[in-house]
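Notes follow once the structure below has been shown.
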Amino acid sequence: MSNNRKTDAGLPRWGVVAMVDEPAALLAAYAAHHLAVGASEVWLFLDRPNPQAEALLGDVEGVRLHHSGDDGWARAWKNKRPARHQGRQKYNATRALRETSCEWLCHCDADEFIVPLAGRDLARDLAHVGEQKAWVRLDVEERCFIGDRAGMDAGQSIFQGAFRKPWRDSPEAREAFYGERALYIDRGVGGHVAGKSITRSGRDYVIGVHYPLSHWDSSTNDLPYRPANAAVLRHFDGLTPLHYLLKMLRRATTEYKGQPVPYGAPRKAQFARVAEIAADPRALLAQWWNVQGVSPFEAAELGTSGLLLQDDARIEVHVAALFGAQVDLSPAAFDAALIEHEADLIARAKAQFCFDPAPLMMR
């Protein structure tokens, strides 16, 4: 399947890489959107089998579809599969960086989409990055929902909503603005504020979750970089309320050996709260809004400060252009696929917390 994309002569080629474990519709959207906005390659590493995704994406020009570890974990310690998903992300992204034909590669998750700024071109921006810079940082904008405890609109796509930017704050300022919900908010957003990296290929760098490393055993952000001037990263932290809540329950039901994963206090508070109320669907939906909702008053204040955007990234248009009617981006279809895809996690959460996903599904 051709994506009909052409690369301007003389400009560097860039691509994206993600280790993925989501329903096929989201992976199709990730591929279609990035190819449409200029990516030459989309590397997807399936962390477990996904026949629907393989059927959709296997023949798409520009998509490099792999299974996690299909090289036998050749560069891993004792050729073993890393136990933590962050370790597998690091392995797969670094493998793609070694094998890509692109000059630059962005590591971003399946729920993160590069969106060019109006009138700007990412390839042209990358062409002007000084040789001494190892990577370019994409600032994050997080999807949110405006309304007085309003939920998702079942009649729109999974990509509906507005976007809020991180802002420098103090605990006092955060509490003054968000009240009790400030417990779950970090510098204006519910997810991460670190952004993601676009890394030069051909220099033997290692790609970490948020930034590249000088060598495999490093954990220090010490490679020189500059901010991206032509694009941002839009983060859909859960494509539906159910998707977000399952993400929280996955963290709450997963035990790690060794050093704990370095989540910030607001994110840990989200994990704990969802686990605490997992048997109460109404409380769960209220908690989803606590993290991702913005009241009309808050939206007006954020908008006045330039911290809230309501423009369209045209993801649905890009998906339709590449896949036609094959991909259903409705919240109801996504949740139905999610129930099947996450059957093991749901069973675990039901046994541990008496969790029932049915009342949380979009219909």
Is a donor on one side and an acceptor on the other found under 3.5 Å between the side chain of [X] and the backbone of [Y]?
X	Y	value
Q292	G190	no
T100	A96	no
H34	I114	yes
Q326	F323	yes
R143	Q160	yes

With a distance cut-off below 6.0 Å to the six-membered ring centre and an angular limit of 45° from the axis, does R251 pair with Y263 as a cation-pi contact?
->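 Because its charged atom misses either the 6.0 Å distance or the 45° angle limit, R251 does not stack over Y263.
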Assess the pair Y244 and F236: is the distance between their ring centroids shorter than 6.0 Å?
->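 No: the rings miss the under 6.0 Å criterion.
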Would a line drawn from the ring center of F113 to the ring center of F159 be shorter than 6.0 Å?
->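 Yes, the ring of F113 comes within the 6.0 Å limit of the ring of F159, centre to centre.
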[atom1] of [X]: more than 12 outside heavy atoms within 6.0 angstrom?
X	atom1	value
H128	NE2	no
E175	CD	no
Q132	CD	yes
R48	CZ	yes
F353	CZ	yes
R168	CZ	no

V206 and I198: same hydrophobic cluster, using ILVMFWY side-chain contacts below 4.5 Å?
->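 Different hydrophobic clusters.
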Could you state whether L183 and V294 fall into the same hydrophobic cluster, counting links through intermediate Ile, Leu, Val, Met, Phe, Trp or Tyr residues with side-chain heavy atoms under 4.5 angstrom apart?
->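 Not linked; separate clusters.
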Can you tell if the side chain of [X] reaches within under 4.5 Å of the side chain of [Y], non-hydrogen atoms only?
X	Y	value
R75	W216	no
L239	E22	no
N221	W135	yes
W43	H66	yes
V140	H210	no
W73	P82	yes
H107	Q89	yes
I158	H243	no

L138 and V232: side chain to side chain contact (heavy atoms under 4.5 Å, CB included), yes or no, with the steps?
-> CA-CA 5 Å; L138 287 166; V232 296; 5.8 Å; no
Side chain to side chain contact (heavy atoms under 4.5 Å, CB included), paired with V136, selected from L122, L126, N229, T199 =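 Of the listed residues L122, L126, N229, T199, the side chain to side chain contact (heavy atoms under 4.5 Å, CB included) partner of V136 is L126.
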Are R88 and S68 close enough that a side-chain donor and a side-chain acceptor fall under 3.5 Å?
->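 The criterion, which ignores hydrogens and geometry beyond distance, is not satisfied for S68 and R88.
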Regarding H235 and D109, is there a side-chain donor-to-acceptor distance under 3.5 Å anywhere?
->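 Result is no, nothing qualifies.
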Please determine if R250 and E342 form a salt bridge, counting it only when a charged side-chain N lies under 4.0 Å from a carboxylate O.
->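 Yes, charged N to carboxylate O under 4.0 Å.
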Determine the sole option in R164, R181, R174 for which the salt bridge (charged side-chain N to carboxylate O under 4.0 Å, His left out) test with E298 is passed.
->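 When salt bridge (charged side-chain N to carboxylate O under 4.0 Å, His left out) is applied between E298 and each of R164, R181, R174, only R181 qualifies.
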